[in-house]
**Q** 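The structure under discussion is supplied below as structure tokens; questions concerning it will follow.
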Number of protein chains: 2
Amino acid sequence: MNPKDMKYRELFSVSLELFALFGYKKTTVQDVADRLGMTKGNLYFYVKNKQDLYLKTITHALDLWRDSVKQAVDRETDPVVKFRTMALKSVDYIENNAMLRQILMNDPSIFTLSSSEDRFYEINQSAMTIIQEILNQGIEAKRFHPVDVEHVTQYFFSIYVMFLIKTYVKSDTSSSRTMFLEALELNIRGLLLTDGVTPA
Amino acid sequence: MNPKDMKYRELFSVSLELFALFGYKKTTVQDVADRLGMTKGNLYFYVKNKQDLYLKTITHALDLWRDSVKQAVDRETDPVVKFRTMALKSVDYIENNAMLRQILMNDPSIFTLSSSEDRFYEINQSAMTIIQEILNQGIEAKRFHPVDVEHVTQYFFSIYVMFLIKTYVKSDTSSSRTMFLEALELNIRGLLLTDGVTPA
DNA sequence: TATTGAACAAAACGTTTAATAGTTCAGGAA
DNA sequence: TTCCTGAACTATTAAACGTTTTGTTCAATA
């Protein structure tokens with residue numbers, strides 16, 4: 001890895017930690033520069049402005065999240081197992097990442113149900129591709145119902161976002177784990193074709 | 001109907017219209033009193049304060065919504081038809097009620113994914129009862145999978161709220177209708193027991 | 001290319017003040 | 001009693017102010 005990338009990684013890492021700890025407003029450019037052992041003026045060599053620093057930091061964190069899920073999915077071959085792995089790994093990742101959870105709580109607008117308000121549209125779009133590919137593969141293999149892939153992908157991603165909001169933004173922890181697992185099985189049943197037989 | 005109830009209905013009707021038109025902040029107690037042909041002082045005979053007026057007004061509107069869905073569901077007997085009727089009627093009602101839609105847009109916090117923040121907890125709880133009864137009946141009649149009724153009810157209600165937010169709060173109108181219908185069929189398939197046969 | 005530090009601009013903050021809007025209440029009419 | 005009025009009172013909001021903090025730029029430099 002080249003030294004420039006290293007510098008960026010360190011920058012995003014420090015930045016994420018501070019934003020998680022203090023939130024966007026209370027984190028000053030000076031704070032970040034101090035922790036990096038540089039002056040705030042020099043930060044502007046790496047990012048356009050504070051907003052840009054924040055956006056790049058979150059985007060980087062979301063990239064790592066998606067990559068982790070993608071890798072887990074790629075290890076599997078069966079579409080049903082892929083689907084289940086995707087769902088479980090996604091939740092597992094955030095479950096074990098306190099800093100990212102804190103970021104979500106500080107800034108509820110990171111995950112929005114409105115695509116037009118979505119500041120992370122591109123990364124979310126690429127996350128949806130994972131769902132889409134699994135659906136296509138499952139339909140191709142005659143394991144899944146021939147659903148409207150585009151809309152069902154959108155639907156699954158919306159449910160996923162809804163869960164994230166419920167559980168980590170609104171911290172409605174109570175029974176949301178059980179709800180998630182019940183929902184997962186229900187959706188898999190909704191997708192599955194009964195072997196060979198097409199019900200009337 | 002007794003005259004007191006009539007007065008309240010008029011009050012809520014006028015109030016809803018003004019809140020829809022101007023939003024909570026811009027609607028003054030004076031505005032409401034004027035439209036009712038009374039003084040603002042007298043409004044306090046009917047409600048505790050402005051906040052109470054708003055809460056009672058919205059609650060009343062939500063009551064009418066739920067009653068309309070409940071009536072439509074009660075006209076059916078088959079659990080699958082009931083389920084579909086419930087979903088379609090719910091969306092149909094808001095689709096044909098511009099004032100209520102405006103209220104939702106003015107105040108995005110009416111429908112929240114957090115039960116602890118829910119100012120309309122009771123009415124939403126009673127709406128969930130409709131779902132719960134249909135699930136119980138369907139399971140009893142061996143038409144539905146024996147799902148965890150409590151959590152699946154919560155799940156369906158959350159999806160419903162998610163759709164309302166997406167469509168009427170964030171006005172992501174684009175393809176949300178198609179998504180809704182695809183999701184409805186997927187969920188029904190997920191609920192349905194294949195006749196007689198239990199898949200391994 | 002990467003960094004500094006000073007200078008500048010913009011935003012946030014605390015305070016004061018005036019206007020507006022919400023609430024109470026004594027008293028009177030239905 | 002129930003319902004209502006109108007004036008008095010209180011709380012909230014908005015604007016304007018100077019002050020301080022913070023974000024951003026840039027010429028100089030290693």
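Note that the structure is predicted; figures quoted are calculated from it, not measured. Residue numbers begin at 1 in each chain, while the letters A, B, ... track the order of the sequences.
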**Q** Take atom NZ of A:Lys40 and atom C1' of D:dC26, then tell me their distance rounded to the nearest Å.
**A**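 Going from NZ in A:Lys40 over to C1' in D:dC26 covers 14 Å.
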**Q** From D:dT24, D:dC3, C:dT1, pick the nucleotide closest to the side chain of A:Phe45?
**A**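 Among the listed nucleotides, the one closest to the side chain of A:Phe45 is C:dT1.
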**Q** So if I take every side-chain heavy atom of B:Thr28 and compare against C:dA21, C:dA2, D:dG23, which nucleotide ends up nearest?
**A**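 Looking only at side-chain atoms, B:Thr28 lies closest to C:dA21.
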**Q** Take A:Met38 and B:Asn49, find for each the nucleotide of DNA chain C with the closest heavy atom, and name the residue whose nucleotide sits nearer the 5' end.
**A**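 That would be A:Met38.
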**Q** The side chain of A:Tyr44 is closest to which nucleotide in this list: C:dT24, D:dT25, C:dG5?
**A**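 Shortest atom-to-atom distance from the side chain points to D:dT25.
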**Q** Can a side chain N or O of B:Lys7 be found less than 4.0 Å away from OP1 or OP2 on D:dC4?
**A**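 Affirmative; the distance criterion is met.
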**Q** Take the protein atom CD of A:Gln51 and the nucleotide atom P of D:dG23, then report the distance between them rounded to whole Å.
**A**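 Nearest whole value for this atom pair: 12 Å.
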**Q** Rounding to an integer number of Å, can you tell me how far B:Leu11 CG sits from D:dC4 P?
**A**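 Roughly 11 Å, once rounded to whole Å.
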**Q** Do side-chain atoms of B:Thr153 reach the backbone of B:Ile131 as a donor and acceptor pair under 3.5 angstrom?
**A**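 Pair absent, no side-chain N/O of B:Thr153 close to backbone of B:Ile131.
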**Q** Could you check A:Lys26 against A:Gly37 and say which one's nearest nucleotide on DNA chain C is further toward the 5' end?
**A**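 Taking each residue's closest nucleotide, the earlier one in sequence belongs to A:Gly37.
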**Q** It should be established whether A:Tyr46 places a side-chain nitrogen or oxygen under 4.0 Å from OP1 or OP2 of nucleotide C:dT3.
**A**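 Checking A:Tyr46 against C:dT3: at least one side-chain N or O falls below 4.0 Å of OP1 or OP2.
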**Q** CG of A:Asp31 versus P of D:dT21: gap in Å, rounded?
**A**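 So the CG-P distance, A:Asp31 to D:dT21, works out to 14 Å.
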**Q** Does A:Met105 have more than 12 heavy atoms from other residues, nucleotides or ligands lying within 6.0 Å of its CE?
**A**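 No.
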**Q** Counting the atoms with a prime plus P, OP1 and OP2 as sugar-phosphate, which does B:Lys25 contact under 4.0 Å by heavy atoms, base, sugar-phosphate, or nothing?
**A**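 Touches sugar-phosphate only.
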**Q** Nearest to the A:Val29 side chain among D:dG6, C:dG22, D:dG23, which nucleotide is it?
**A**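 Among the listed nucleotides, the one closest to the side chain of A:Val29 is D:dG23.
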**Q** Grab the CG-P distance between B:Leu36 and D:dT5 for me, whole Å please.
**A**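 Rounded to the whole Å, the gap is 11 Å.
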**Q** Separation of B:Asn42 atom CG from C:dG22 atom P, in whole Å?
**A**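 So the CG-P distance, B:Asn42 to C:dG22, works out to 16 Å.
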**Q** Around A:Tyr121, counting heavy atoms of other residues, nucleotides and ligands shown, do more than 12 lie under 6.0 Å from its OH?
**A**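 No, because the 6.0 Å sphere around OH of A:Tyr121 holds 12 heavy atoms or fewer from other groups.
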**Q** From C-beta outward on B:Thr39, which listed nucleotide comes closest to its side chain: C:dT4, D:dG23, D:dG6?
**A**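 Out of C:dT4, D:dG23, D:dG6, the nucleotide with an atom closest to B:Thr39's side chain is D:dG6.
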**Q** Check the distance between D:dT13's C1' and B:Lys50's NZ and give it to me in whole angstrom.
**A**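 That distance rounds to 12 Å.
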**Q** Let me know the distance between CD of B:Gln30 and P of C:dG22, rounded to the nearest Å.
**A**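 The answer, rounded to whole Å, is 9 Å.
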**Q** Give a yes or no on whether a salt bridge exists between B:Lys70 and B:Asp74, defined as a side-chain N under 4.0 angstrom from a carboxylate O.
**A**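 Between B:Asp74 and B:Lys70 there is a salt bridge, with a charged N closer than 4.0 Å to a carboxylate O.
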**Q** May I ask you to decide if A:Ser115's main-chain N or O and B:Asp172's side chain share a donor-acceptor pair within less than 3.5 Å?
**A**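 Looks like yes, one N/O pair under 3.5 Å.
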